[in-house]
Asker: 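Dumping the structure here so I can ask a few things about it.
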Number of protein chains: 2
Amino acid sequence: MANIRTVSKLAGVSVATVSRTFSTPDSVSENTRKKVEKAAEKAGYRPNLMARNFRAKRSFAIMVLVPNIANPFFSRIISGIESEAQSRGYSILLGNTNGQAEREADYANMVHTFQADGVIQLSASDPFSDLPLGKRPALVNICECYDNPLSPQIQLDNSGAAAAIIDHLLELGHRRIGIIKGPADSPLTRDRLEGCAAALKQTGLEMSAAAIAQGDFSTRSGFEAVDTLLSLRKRPTAIFCFNDEMAIGAIRRIRDLGYSVPGDFSVAGFDDIAVSSFSVPTLTTIHQPAATFGRRAVEVLCQMIDAPETVTHSQEILPYKLITRGSTAPPS
Amino acid sequence: MANIRTVSKLAGVSVATVSRTFSTPDSVSENTRKKVEKAAEKAGYRPNLMARNFRAKRSFAIMVLVPNIANPFFSRIISGIESEAQSRGYSILLGNTNGQAEREADYANMVHTFQADGVIQLSASDPFSDLPLGKRPALVNICECYDNPLSPQIQLDNSGAAAAIIDHLLELGHRRIGIIKGPADSPLTRDRLEGCAAALKQTGLEMSAAAIAQGDFSTRSGFEAVDTLLSLRKRPTAIFCFNDEMAIGAIRRIRDLGYSVPGDFSVAGFDDIAVSSFSVPTLTTIHQPAATFGRRAVEVLCQMIDAPETVTHSQEILPYKLITRGSTAPPS
DNA sequence: ACCCTATATGTAACCGTTTACATTCTTGGG
DNA sequence: CCCAAGAATGTAAACGGTTACATATAGGGT
């Protein structure tokens with residue numbers, strides 16, 4: 001394989017000149033540049049970026065830790081990450097963690113072995129929790145964040161958004177609201193529950209007015225949680241699912257049981273994934289600016305990488321939007 | 001940052017011994033190994049994999065070219081790729097191409113600059129078409145493949161699968177079948193149309209018995225194509241969409257127009273994405289072994305990387321499965 | 001005691017770049 | 001015509017590993 005020395009010989013110049021021709025063309029005379037380019041062309045020379053990056057101690061790669069790529073909300077975020085990274089000359093390394101701490105640690109460690117310059121994490125856990133503040137690699141945590149931020153975070157106002165959903169259901173006249181929440185230990189779950197409680201309280205209702213069933217953000221868990229809610233003595237008339245996929249599962253189950261949405265039960269989701277505007281019925285939900293999450297994460301991460309001292313361990317909140325569609329209606 | 005020389009000094013051994021301790025521990029005595037490990041621990045040493053890979057002229061990374069990560073079918077394939085790659089010690093680089101040839105070329109070139117050892121491509125175009133056979137980098141093309149394979153391909157029997165759908169509709173009694181196809185230049189579209197024609201012919205029907213509308217695999221395009229089909233003088237009683245997302249769009253539109261599925265129109269899809277078993281109605285479709293596609297692609301690619309001479313430019317066909325669900329029924 | 005072999009370790013070159021520093025070439029002002 | 005300054009180019013030392021080859025050591029057989 002042609003290397004920089006091959007080309008330098010072929011062009012009759014030094015390796016330094018060849019290097020400059022490619023990295024800082026302006027520092028080389030018109031004439032030599034052409035000579036070198038011709039020689040490179042002839043030799044089929046492509047600079048070895050592994051060597052270059054090795055020398056520069058930079059991989060120009062970003063590790064993206066995601067619990068599950070198949071989740072449509074995550075894949076939209078990744079789209080945003082990818083496009084911003086690409087335009088900044090970074091490539092993205094994908095790490096599907098399935099929520100396993102071990103996998104997460106393995107992937108996060110790639111930043112220690114110089115295979116990535118930084119990490120974007122889409123779930124709430126800190127792979128570098130054992131490292132002192134000064135030694136922490138560049139990491140940005142988005143969407144689902146742990147409590148005490150040692151790294152920048154970009155989140156939604158989950159509490160506010162959940163409250164907006166509850167408010168919407170209350171306004172429609174619902175008084176018994178069921179909730180299908182996410183994993184109990186997730187900050188997402190906690191924040192959204194908090195928002196629900198606040199919204200209920202404002203209307204003079206206690207949180208206990210809400211029946212809460214356990215889900216895990218999978219469609220199937222939404223499907224199954226419906227049985228729990230409908231077996232209650234005081235059945236809810238509306239169900240707020242903590243993501244759209246569970247909502248879709250819930251709607252499926254409600255129909256299977258012979259009821260209609262929103263006729264017998266209103267259902268609301270969270271995320272506004274693509275399918276939610278086409279499903280039957282279309283889904284009332286919270287729109288999250290997924291691509292923006294991704295792009296912004298890359299911006300902040302690049303800043304951390306390039307100028308770590310300028311980064312405050314900031315907490316950023318992106319706006320949500322309540323989208324009311326066909327799956328919610330006044331109780332019958 | 002601690003390097004191998006720091007550790008060698010600390011442990012009082014040569015760099016070679018340190019290197020061996022990490023890459024071939026068996027070739028080092030128990031005693032030295034412990035010494036070195038202690039020293040490494042103390043120095044906080046992590047081997048620089050960029051340096052190692054550079055030396056080995058291998059990046060242990062696989063470039064995955066995908067038209068659109070947000071497509072749930074693709075993201076399932078990527079899950080499969082990721083898990084197989086991870087277990088083989090490869091990391092995966094994600095390249096979202098949006099079908100743009102330029103982006104695709106940029107990403108594919110990363111294999112020339114030693115940033116990736118090979119490419120898995122999920123769409124039908126050959127980024128290395130200008131290279132002679134011996135010079136072609138390791139590339140595996142899956143799901144959607146061009147015609148004359150210069151690289152191994154893993155596909156579905158698209159024609160057979162499409163025929164299976166048509167057969168199913170015919171069996172139900174449908175005689176006027178509408179089709180919402182994919183991009184005209186896609187081999188996928190061509191193969192599936194071929195299968196449709198064959199199936200129709202076998203029942204003594206001409207392809208012209210099928211009304212064909214143009215789609216582009218997006219949900220919206222399915223939504224819009226319905227208008228074309230329903231404005232025909234001889235309306236179809238069943239619609240076969242070339243992917244599930246278009247089917248979901250189509251169902252939405254059909255309902256918006258005041259009709260029901262499958263009461264007024266049967267609808268079938270292709271891919272069996274996750275939501276299809278929960279949608280309303282549940283979707284009759286072709287199940288593709290998405291994760292297997294991904295895993296198998298990695299297997300073949302690794303073989304190409306490790307032992308290029310053993311790889312025949314093979315054409316592999318993975319099995320499909322017709323899944324009949326609620327969206328198809330006899331015509332009324 | 002000697003030799004042979006196997007095992008463990010060390011030495012130093014090498015991978016393909018970049019870049020600090022040295023050198024040479026140009027050019028314009030005095 | 002000379003010199004200083006600036007521009008262009010060259011030289012060689014890194015970067016952090018791996019590994020071919022050389023060397024040292026230990027143990028066993030005769």
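Here is how names work: the chains are called A, B, and so on, in the same order as the sequence lines, proteins then strands, and each is numbered from 1. In this text the structure is predicted, and so the values were computed from the model without any measurement.
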Asker: Hey, is the side chain of A/Ser29 poking within less than 4.0 Å of OP1 or OP2 on D/dT9, counting only N and O atoms?
Answerer: yes

Asker: Are OP1 or OP2 of C/dT9 and a side-chain N or O of B/Thr17 less than 4.0 angstrom apart?
Answerer: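 For B/Thr17, the contact criterion (side-chain N or O under 4.0 Å from OP1 or OP2 of C/dT9) is not met.
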
Asker: In whole Å, what is the span from the CE atom of A/Met50 to the C1' atom of C/dT17?
Answerer: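 Roughly 12 Å, once rounded to whole Å.
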
Asker: Write down the protein N/O and nucleotide N/O pairs, taken from nucleotides 13-15 of chain C, whose separation is under 3.5 Å; answer none if there are no such pairs.
Answerer:
| from | atom 1 | to | atom 2 | distance (Å) |
| --- | --- | --- | --- | --- |
| C/dC14 | O2 | B/Arg55 | NH1 | 2.9 |
| C/dC15 | O3' | B/Lys57 | NZ | 2.6 |

Asker: How would you list, by chain and number, every residue that makes a side chain to side chain donor-acceptor pair (under 3.5 Å) with B/Arg5, sequence neighbours excluded?
Answerer: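 By the side chain to side chain donor-acceptor pair (under 3.5 Å) rule, B/Arg5 matches no residue at all.
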
Asker: Is the A/Phe74 to A/Phe217 ring centre distance short of 6.0 Å?
Answerer: no

Asker: Does A/Asn31 CG have over 12 foreign heavy atoms under 6.0 Å away?
Answerer: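 Check fails, neighbour count at 12 or below.
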
Asker: Given D/dT9, C/dT11, C/dT18, identify the nucleotide with an atom nearest to the side chain of A/Ser19.
Answerer: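 Of D/dT9, C/dT11, C/dT18, C/dT18 is nearest to the side chain of A/Ser19.
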
Asker: Specify the separation, in whole Å, of atom CZ of B/Arg46 and atom P of D/dG17.
Answerer: 11 Å

Asker: Which part of the nucleic acid, if any, lies within reach of A/Phe22 when heavy atoms closer than 4.0 Å are counted: base, sugar-phosphate only, or nothing?
Answerer: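 Nothing, no heavy atom under 4.0 Å.
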
Asker: Hey, what's the ring geometry for A/Tyr90 with A/Phe60, parallel, tilted or perpendicular (30° and 60° as the breaks)?
Answerer: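 Tilted, since the angle between the ring planes falls between 30° and 60°.
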
Asker: With no hydrogens and no angle check, is any side-chain donor or acceptor of A/Arg136 less than 3.5 Å from a backbone partner on A/Phe128?
Answerer: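 Indeed, once roles are kept as given, a pair shorter than 3.5 Å links the two residues.
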
Asker: Within the structure shown, what part of the strands sits under 4.0 Å from B/Arg33 by heavy-atom distance: base, sugar-phosphate, or nothing?
Answerer: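 Answer is nothing: B/Arg33 stays at 4.0 Å or more from every strand.
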
Asker: Which nucleotide wins on minimum distance to the side chain of A/Val13, given the candidates D/dA8, D/dG10, C/dG10?
Answerer: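 So the nucleotide nearest the side chain must be D/dG10.
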
Asker: In whole angstrom, what separates A/Lys34's NZ from D/dT9's P?
Answerer: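 For the pair A/Lys34 NZ and D/dT9 P, the rounded distance is 13 Å.
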
Asker: Distance check needed: D/dT9 C1' versus A/Ile4 CD1, whole Å only.
Answerer: 14 Å

Asker: Expressed as a whole number of angstroms, how long is the span from B/Leu49:CG to D/dT18:C1'?
Answerer: 13 Å

Asker: Would you give the length of the straight line joining atom OG1 of B/Thr292 to atom CD of B/Glu299, rounded to the nearest 0.5 angstrom?
Answerer: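 Output value for this atom pair is 9.5 Å.
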
Asker: Between B/Val28 and A/Arg20, which is nearer to the 5' end of DNA chain C once each is assigned its nearest nucleotide?
Answerer: B/Val28

Asker: Measure from CZ on A/Arg58 to P on D/dG16 and round the result to the nearest Å.
Answerer: 15 Å

Asker: Measure CG/A/Asn53 against C1'/C/dT18 and give the value in whole Å, please.
Answerer: 12 Å

Asker: Rounded to whole angstrom units, what separation is found between the CG atom of B/Asn31 and the C1' atom of D/dA26?
Answerer: 15 Å

Asker: Between B/Asn3 and B/Asn48, is the side-chain contact (heavy atoms from CB on, under 4.5 Å) condition met? List the steps.
Answerer: CA-CA 8 Å; B/Asn3 63 19; B/Asn48 182 329; over 6 Å; no

